[in-house]
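Here's the structure we're looking at; comments come further down.
Reminder, nothing fancy here: chain letters follow the sequence lines and each chain counts from 1.
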Protein chains: 2
Amino acid sequence: MSFPNPHHDHGPCVAHALEAAEEECRRRGARLTDIRRRVLELVWRSHAPIGAYALLEALGKAAPPTVYRALDFLLAHGLIHRIEKLNAFVGCAHPGHAHPGQFLLCRQCGAAAELNDDSIEQAVRVAAEHSGFLVTSLVVEAEGLCPACQGQQA
Amino acid sequence: MSFPNPHHDHGPCVAHALEAAEEECRRRGARLTDIRRRVLELVWRSHAPIGAYALLEALGKAAPPTVYRALDFLLAHGLIHRIEKLNAFVGCAHPGHAHPGQFLLCRQCGAAAELNDDSIEQAVRVAAEHSGFLVTSLVVEAEGLCPACQGQQA
DNA sequence: GGGCTAAATGTTATATTATAACGTTCCGTC
DNA sequence: GACGGAACGTTATAATATAACATTTAGCCC
Ligand SMILES: [Zn+2]
Ligand SMILES: [Zn+2]
Ligand SMILES: [Zn+2]
Ligand SMILES: [Zn+2]
């Protein structure tokens, strides 16, 4: 919910996310295969949203469809989100319950924070209803400066 | 603000948009050259968000940088918006005063409607402030079904 | 376990979107 | 009409994503 300290110990975050993913896949009867697990781990290890080809390189000997298929799986099961502005992917902080992706993206350090704010979704829904529009998915991406990077600005 | 009727006479919309663009460019001391004007007209003629390469084809004898440069100009002067989810562009309904792009995108017919709802922006700003984040630009893209397409669904 | 089936992965090629780099033309200014 | 910066032309290439089809793997029934 809040912005991650860039110097915090990220290991436990990754471990916790992987465990939650295992759990969620069990619950859903989905198979978190080795490749999918490795891609998810790489996504989490990265402090910033990471692109498909960066993942590909990190994986080593794979071809594009391999990583895109893994990403499709992780997206379908709500374990990651796609950042449309960046063509990049980031771990979901709240897997297991459906929610629209809402992100704060620091244009300085690249860090991303996931919001989970019902009032944003509500505001969009209300505005949409005024047009008779039925919302089925929602992208909210705010670009700006994280707390750490505001200090460093001139 | 409201969803456009797909059968309305679009000619006047396009003409009005081009006139408003001329006016806005005059005000800003910016040059709406022939290519830029043609790209803007093509964007407006399309009822749905249109991609750079579709514009390129419609232009005829141009190369990619030509259309991307025109799009950059139109974006910079607030005459069009980019739809991140679609890698496509759409005319701005309210040029001349700065605002974040907020769109309703019909997944059935492709139509797009621009919102101009302060409460959405406010909700994001408030949530961001709770994280100490300073928002400088905002993308809101809701996918779903427009009024016309809801009727046609099973 | 052995065969069946569907899912997952491997592999190759290609589509789609976007930009780098550099030369030329156009236009307002002096 | 020379100058200088903005706009445009042209070629090549980068970055992102998918199509199509072969092969392997994993769960399942018997
Ligand atoms: Zn999430
Ligand atoms: Zn930052
Ligand atoms: Zn607008
Ligand atoms: Zn529709």
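- Residues passing the ring pair (Phe, Tyr, Trp, His ring centres under 6.0 Å) test with B/F73 are B/H77, sequence neighbours excluded.
- Remark: B/A63, B/P65 in residues 52-65 of chain B come within less than 4.0 Å of DNA chain D through at least one heavy atom.
- In plain terms, the two heavy atoms of A/G96 and A/R27 that are nearest each other are O-NH2, 3.7 Å.
- Using a 4.0 Å heavy-atom criterion, one finds that B/R69 contacts the bases of the nucleic acid, with or without backbone contacts as well.
- Side-chain contact, B/T66 with B/K61: no donor N or O sits under 3.5 Å from an acceptor N or O.
- The side-chain contact (heavy atoms from CB on, under 4.5 Å) search around A/Q102 returns A/P100, A/L115, A/D117, A/I120, A/E121, A/V140, not counting sequence neighbours.
- If you find the closest nucleotide of DNA chain C to B/D72 and to B/R31, the one lying nearer the 5' end belongs to B/D72.
- Both B/N87 and B/F73 sit near DNA chain D, but only B/F73 has its closest nucleotide nearer the 5' end.
- Partners of B/H47 under the ring pair (Phe, Tyr, Trp, His ring centres under 6.0 Å) rule, at least two apart in sequence or in another chain, are B/H8, B/H10.
- Listed by chain and residue number, nothing satisfies the salt bridge (Lys or Arg N to Asp or Glu O under 4.0 Å) test with B/E57 (two or more places apart in sequence, or in another chain).
- Heavy-atom contacts of chain A under 4.0 Å fall on DNA chain D between two terminal nucleotides, which in 5' to 3' order are D/dT16 to D/dA26.
- Residues passing the salt bridge (Lys or Arg N to Asp or Glu O under 4.0 Å) test with B/E141, sequence neighbours excluded: none.
- Annotation for B/C106 and B/C146: closest pair SG-N, 3.5 Å, computed over non-hydrogen atoms.
- Comparing the end axes of the helix from C/dG1-D/dC30 to C/dC30-D/dG1, each fitted to five base pairs by superposing C1' atoms of four pairs onto the next four, gives an inter-axis angle of 30° (nearest 10 degrees).
- Legend: residues meeting salt bridge (Lys or Arg N to Asp or Glu O under 4.0 Å) with B/R28, ordered by chain and number and at least two apart, are B/E24.
- To the nearest 0.5 Å, the span separating CD1 on B/I83 from CZ on B/F103 amounts to 4.0 Å.
- Residue A/R82 is in sugar-phosphate contact alone, with no base atom involved, counting any heavy-atom pair closer than 4.0 Å across all strands shown.
- With sequence neighbours excluded, the residues that form a side-chain contact (heavy atoms from CB on, under 4.5 Å) with B/A111 are B/F3, B/C109.
- A/P49 and A/L105 get closest at one heavy-atom pair: CG-CD2, 4.5 Å.
- For A/H7, the side-chain contact (heavy atoms from CB on, under 4.5 Å) partners are A/N5, not counting sequence neighbours.
- Note that the first and last nucleotides of DNA chain C, 5' to 3', having any atom under 4.0 angstrom from a heavy atom of chain A are C/dA8 to C/dT12.
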